[in-house]
Undergrad: 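Attaching a single structure in structure tokens format; questions to follow.
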Amino acid sequence: MNPRKYMRENFTEVCHTTLNPEGPGVVRIHLIPPKYEGGKIAPSIAIINGQDIIPVNYSWSILLSEFIKEVNKYHGKEVSDAEVESILENTCTAVKKVFPFASRKRLKNDIYTIMETFKQVAYGEEVTTDIGYLNIGDYAENMKAPHRMDIMVSAMEKNGCWNCNQCCVHCYAAGQSEAVEGELSTQEWKTVLDKLREIGIPQVTFTGGEPTMRDDLFELIDHARWFVSRLNTNGIKLTKDYCKKLYECEIDSVQITFYSNDRDIHNKLVGGNHFDETVAGIENALEAGLNISVNTPLCTLNRNYVDTLKFLKDKGVMYVTCSGLITTGNALTETSESLQLSPGEIAKVLADASDFAYENGMEISFTSPGWIDDEFFKEHALSTPNCGACLSNMAVTPGGNVVPCQSWLSGDVLGNILKDDWDKIWNNEVCRKRREYSALMLGRCPLRREK
């Protein structure tokens, strides 16, 4: 059979599987089918753990898609050596219909090479196979959906009342029109997740507001097992039992917002006496075996960020992120703006923080595009952040509206995920223009306001 014909008939949906699901060292693979347009075909891509993009040629696409189909027949059970051999044999039988002259030995060797390569990518090891990483900006024109959707399951206001267990000084979602649009029901959010899977979006982030305010969060996370799933939280509700349930639901990672190791500074910035609860949440998440990162929005009050890193390192936290202030919501108020660091001040804080992180085996990244020149990131061996709105990521608001990103809550509603056809949303003129901007990889957030 002609490979192109085979792919058109048999490879039309995103294929997904998880290697080593019990961890540590989980490898989540989403194989995105090629895009056919005007007689041209864009390459398939494999997205590893929702992050790394690897182009995949015809033969590997067919081999990998058939292998994933066979592996997924054993979902949820331990696979014996005999069953592994059966998976390989059945994969080879299917692939030989397309490539009849390829030997079974070669096909099996290719499968082992693919899996080893993906493991190396996922673990951050040296890749021994000659592969080409793909810049998402270069691939943008071939995309049919973003690679991550942030689902804002919890509104900031509910029934006329504040619906968060904190009231952060810099809350980007506070006081905006979308915060009072109401919340989708459990079944509606499940329908959203089903639609996102159908669209082929491999990663979802449960966020808000504060997503742990929802009593059905475990049920929603459990429904999202197909995706690479993440949870953004302030950590207050992360008791030992809560973390155990998150682990059982197979959440892939949890990001906890923590402002400072100084109790008074943290409590002032979150608008309440929650330092001990958040610290306990970090400790409980680590004890439960959850993959966690800790994020710190930087401002003038917590510029002694290295002290916070020392505190987190002592707790066992190994991955941290930090950011400038997202100037929407509360961050537009005079109180928040008066605490904003300048780009030069941010660079000084980040330089000291990255030195400490590297000396102590921690991973660190800065997530705010446009604050610091690219040369700084190269000098300090950090990844340059870029705006991914309408390209790598988009967001669904509590009421189901689709917006360019989870910070973009005023204006620019692109459609409703439950009411509108996805192609109409994706090809919306505003969405397309935002995507074209993001694809330029200019490294600047359109929402940012200078101090």
Undergrad: Are Glu83 and Lys73 close enough for a salt bridge, meaning some N to O gap below 4.0 Å?
TA: no

Undergrad: Should the pair Lys237-Glu277 be classified as a salt bridge under the 4.0 Å nitrogen-to-oxygen rule?
TA: no

Undergrad: If I take atom CG from residue Asp314 and atom CG from residue Asn360, how far apart are they, to the nearest 0.5 angstrom?
TA: 9.0 Å

Undergrad: Quick one about Asn234 and Glu210 (side-chain donor to acceptor, distance below 3.5 Å, no hydrogens or angles considered), yes or no?
TA: yes

Undergrad: Can you name the closest pair of heavy atoms from Ile417 and Lys195 and give their distance?
TA: O-NZ, 2.7 Å

Undergrad: Are Tyr305 and Phe356 close enough that their ring centres sit under 6.0 Å apart?
TA: no

Undergrad: Looking only at the side chains, is there a donor atom on one of Thr129 and Thr113 sitting less than 3.5 Å from an acceptor on the other?
TA: no

Undergrad: Between Ser260 and Phe275, which heavy-atom pair has the shortest distance, and what is it?
TA: O-CE1, 3.3 Å

Undergrad: Can a donor-acceptor pair be found, under 3.5 Å and without considering hydrogens, that links the side chain of Ser86 to the backbone of Ala82?
TA: no

Undergrad: Quiz question: by atom type and distance under 3.5 Å, do the side chains of Ser154 and Asn163 form a donor-acceptor pair?
TA: yes

Undergrad: Side chains of Asp307 and Asn261 only: does a donor on one sit below 3.5 Å from an acceptor on the other?
TA: no

Undergrad: Are the side chains of Cys431 and Arg435 in contact, using a 4.5 Å heavy-atom criterion?
TA: yes

Undergrad: For Thr128 and Gln120, test the side chains for any donor-to-acceptor distance below 3.5 angstrom and give the result as yes or no.
TA: yes

Undergrad: side-chain contact (heavy atoms from CB on, under 4.5 Å) for Asn401 and Val396? Distances and angles first, verdict last.
TA: CA-CA 5 Å; Asn401 287 330; Val396 178; over 6 Å; no

Undergrad: Could Lys245 and Asp241 be called an ion pair, given the rule that one side-chain N must be under 4.0 Å from one carboxylate O?
TA: yes

Undergrad: Between the side chains of Arg230 and Asp150, is the shortest nitrogen-to-carboxylate-oxygen separation below 4.0 Å, so that they form an ion pair?
TA: no

Undergrad: Scan side-chain atoms only and decide if Ser185 and Gln187 contain a donor-acceptor pair under the 3.5 Å cut-off.
TA: no

Undergrad: Considering non-hydrogen atoms only, spot the tightest contact between Asp373 and Phe377 and give its length.
TA: O-CD1, 3.5 Å

Undergrad: Is there side-chain contact between Met362 and Ile364, with at least one heavy-atom pair below 4.5 Å?
TA: no

Undergrad: Would you say that Met115 contacts Phe67 through its side chain, given a criterion of any heavy-atom pair below 4.5 Å between the two side chains?
TA: yes

Undergrad: May I ask you to check whether Ser253 and Asn291 show a side-chain donor-acceptor distance below 3.5 Å?
TA: no

Undergrad: So Trp60 and Leu64, side-chain contact (heavy atoms from CB on, under 4.5 Å) or not? Walk me through it.
TA: CA-CA 6 Å; Trp60 271 28; Leu64 186 54; 5.7 Å; no

Undergrad: With a cut-off of 6.0 Å (strictly less than), are more than 12 heavy atoms of other residues, nucleotides or ligands near CD of Glu188?
TA: yes

Undergrad: For the atom pair OG (Ser392) and CE (Met149), what is the distance rounded to the nearest 0.5 Å?
TA: 11.5 Å

Undergrad: Is the shortest distance from a Lys or Arg side-chain nitrogen in Asp352 or Lys348 to a carboxylate oxygen in the other one below 4.0 Å?
TA: yes

Undergrad: Measure the spacing between CG of Leu414 and CD1 of Ile425 and express it to the nearest 0.5 Å.
TA: 7.5 Å

Undergrad: Measure the shortest side-chain to side-chain distance between Val14 and Pro202 over non-hydrogen atoms and say whether it is less than 4.5 angstrom.
TA: no

Undergrad: Checking side-chain contact (heavy atoms from CB on, under 4.5 Å) for the pair Val413/Val402: CA distance, chi angles, key distance, verdict?
TA: CA-CA 6 Å; Val413 171; Val402 180; over 6 Å; no

Undergrad: Taking the side chain as every heavy atom from C-beta outward, state whether Thr233 and Leu238 have any atom pair closer than 4.5 Å.
TA: yes

Undergrad: Locate the shortest heavy-atom distance separating Glu183 from Ala155; write the atom from each residue and the value.
TA: OE2-N, 2.9 Å

Undergrad: So, the side chain of Asn267 versus the backbone of His274: is there a donor-acceptor pair under 3.5 Å, distance only?
TA: yes

Undergrad: Ring-plane angle category for His170 and Tyr259, please: parallel below 30°, perpendicular beyond 60°, tilted otherwise.
TA: tilted

Undergrad: Does any donor atom in the side chain of Glu345 or Ser342 lie under 3.5 Å from an acceptor atom in the other side chain?
TA: yes

Undergrad: Just to verify, which of Thr91, Asn90, Thr17 counts as forming a side chain to side chain donor-acceptor pair (under 3.5 Å) with Glu70?
TA: Asn90

Undergrad: Any carboxylate oxygen within less than 4.0 angstrom of a Lys/Arg side-chain nitrogen, looking at Lys190 and Glu219?
TA: yes

Undergrad: Quick one: sort the His266 and Phe258 rings into parallel, tilted or perpendicular, breaks at 30° and 60°.
TA: tilted

Undergrad: Report yes or no: does Trp408 contribute a side-chain atom to a donor-acceptor pair with the main-chain N or O of Ala389 at less than 3.5 Å?
TA: no

Undergrad: Does the structure place the NZ or CZ of Arg28 under 6.0 Å from the centre of the six-membered ring of Trp226, at an angle of no more than 45° from the ring's axis?
TA: no

Undergrad: Rounded to the nearest 0.5 Å, what separation is found between the SG atom of Cys322 and the CG atom of Leu298?
TA: 4.5 Å

Undergrad: To the nearest 0.5 Å, tell me how far His16 NE2 sits from Thr18 OG1.
TA: 3.5 Å

Undergrad: Could you walk me through whether Ser44 and Ile32 satisfy the side-chain contact (heavy atoms from CB on, under 4.5 Å) test, starting with their C-alpha distance in whole Å, then the side-chain angles of each, then the deciding distance to 0.1 Å, before giving a yes or no?
TA: CA-CA 6 Å; Ser44 303; Ile32 312 297; over 6 Å; no

Undergrad: Can you confirm whether Val121 sits close enough to Val127 that some side-chain heavy atom of one is under 4.5 Å from a side-chain heavy atom of the other?
TA: yes

Undergrad: Do other residues, nucleotides or ligands put more than 12 heavy atoms under 6.0 Å from the CD atom of Glu198?
TA: no

Undergrad: Please answer whether the main-chain N or O of His380 pairs with a side-chain N or O of Tyr358 as donor and acceptor at a distance below 3.5 Å.
TA: yes

Undergrad: Rounded to the nearest 0.5 Å, what separation is found between the CD1 atom of Ile236 and the CG atom of Asp276?
TA: 11.0 Å

Undergrad: Could you walk me through whether Asn295 and Thr257 pass the side-chain hydrogen bond (donor to acceptor under 3.5 Å, both in side chains) check?
TA: CA-CA 5 Å; Asn295 180 60; Thr257 300; 4.5 Å; no

Undergrad: For Asp215, look at atom CG and say whether over 12 heavy atoms of other residues, nucleotides or ligands are found less than 6.0 Å away.
TA: no

Undergrad: Return the minimal non-hydrogen interatomic distance between Ser368 and Pro385, and the atom names on each side.
TA: O-CG, 3.4 Å

Undergrad: Are any of the side-chain heavy atoms of His223 and Arg197 separated by less than 4.5 Å?
TA: no

Undergrad: Between Lys378 and Asp374, is there a side-chain N and carboxylate O pair less than 4.0 Å apart?
TA: yes

Undergrad: Work out which heavy atom in Ala224 is nearest to a heavy atom in Phe206; give both atom names and the distance.
TA: CB-CZ, 3.9 Å

Undergrad: Determine whether Cys299 and Leu301 make a side-chain contact, defined as any pair of heavy atoms from C-beta on separated by less than 4.5 Å.
TA: yes

